[in-house]
There are 2 protein chains.
Amino acid sequence: MALDLGPLDGHIGYLLRRAQLAVFADIMTGFASHGISPADYSVLTVIAGNPGAGQSQVAERLGIQKTNFVPQIRRMEERGLVARTPSPTDRRSMSLTLTPEGEVLLAELHRTAQAHVDRMRAHLGPEAYEALREPLMRLAAIGPG
Amino acid sequence: MALDLGPLDGHIGYLLRRAQLAVFADIMTGFASHGISPADYSVLTVIAGNPGAGQSQVAERLGIQKTNFVPQIRRMEERGLVARTPSPTDRRSMSLTLTPEGEVLLAELHRTAQAHVDRMRAHLGPEAYEALREPLMRLAAIGPG
DNA sequence: TATTGTTATACTCTATAACTATA
DNA sequence: TATAGTTATAGAGTATAACAATA
């Protein structure tokens, strides 16, 4: 028989962690063949939606420290997915855009991600899935305000 | 102005990750003065609810690999929070129990955790908080079945 | 043969300090 | 003075392979 979790299964943090790990494991199986992590996917998505944004802006939006972002964005540049060009208005800043190859890959990743979302929606039921969005956003907003 | 997340804020995985990080950051501020991580707290809680359970049983229940559990449980043993005694029925197995000192600390941690839960409940509203439990448990059950 | 606990090891993620070149 | 990007580095967390003792 499985061990008793005690008060643990009433704690939102425990439930969130286990759910997040399971959901990430599901999406990662779809991304693995492309050599892309969930974090990589989020970066590509934000660059696509904000072409020309600065490197530290993108990192900050996703809660990634600029110092840890350097090797991550470098890998994607070396793979030819992202272009880093000096900003014309601020010579300290590197403007990020997707390359055509990056656009093609991201479109494929979006299809994979949508299939994953469809699985999660079917698993929970569409109403329950939609009902999760607002409280999760409210919880995410605790720290930074 | 903040960068556009695009389709990212419709993805359950992204929302779960950001929410989990924010919630963990909140509980960790309460645990920090005790030198206890959320993972340590979950281990102490499961041992308290299942005294005498084997080391690998406890690890497996929490999704921790037995190999990574060794240094974690050793730290708690060295701190005098957990006792590891050879099982009388299976000489391969180490039975885990809390020491009196571990019981005292866990009671204090439970109070801290409850204050945290109360904050989260107040932030979301009690009904929204309770409504999260079931879908999160369903999501967590995706992988292992 | 399978399981419990262990060591060794490697890879990713995250965090801090310090630097440069610009603003 | 402050900010964008960088380097170096250290600490967690997590993963696999291999082993001894026991079932």
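Here is how names work: the chains are called A, B, and so on, in the same order as the sequence lines, proteins then strands, and each is numbered from 1.
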What is the distance from atom [atom1] of [X] to atom [atom2] of [Y], rounded to the nearest 0.5 Å?
X     : Y     : atom1 : atom2 : value
B:S93 : B:Q57 : OG    : CD    : 7.0 Å
B:L96 : B:M76 : CG    : CE    : 8.5 Å
B:M94 : B:S56 : CE    : OG    : 11.0 Å

Return the value, rounded to whole Å, for the distance between atom [atom1] of [X] and atom [atom2] of [N].
X     : N      : atom1 : atom2 : answer
A:E60 : D:dG5  : CD    : P     : 12 Å
A:F69 : D:dT6  : CZ    : P     : 10 Å
A:L96 : D:dG5  : CG    : C1'   : 11 Å
A:M28 : D:dT14 : CE    : P     : 12 Å
A:R91 : D:dA2  : CZ    : C1'   : 17 Å

Check your understanding: Think A:R84 has a side-chain N or O under 4.0 angstrom from the OP1 or OP2 of D:dT6?
Key -> yes
Check your understanding: Has B:Q55 got a side-chain N or O lying under 4.0 Å from the OP1 or OP2 atom of C:dT6?
Key ->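 Yes, because at least one side-chain N or O of B:Q55 sits under 4.0 Å from OP1 or OP2 of C:dT6.
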Exercise for review: Could you run through nucleotides 7-16 of chain C and give me one letter per nucleotide, 5' to 3': B if any protein heavy atom sits under 4.0 Å from the base, S if only the sugar-phosphate is that close, - if neither?
Suggested key: BB-----BBB
Exercise for review: Go through the structure and list residues passing side-chain hydrogen bond (donor to acceptor under 3.5 Å, both in side chains) with A:Y41, not counting sequence neighbours.
Suggested key: A:H110, B:H11
Check your understanding: Who pairs with B:T29 by side-chain hydrogen bond (donor to acceptor under 3.5 Å, both in side chains), at least two apart in sequence or on another chain?
Key -> none
Check your understanding: When you check the gap from the basic side-chain N to the acidic O, do B:R111 and B:E108 get nearer than 4.0 Å?
Key -> yes
Exercise for review: Answer with yes or no whether B:R92 presents, from its side chain, a donor or acceptor under 3.5 Å of a partner atom in the base of C:dT3.
Suggested key: yes
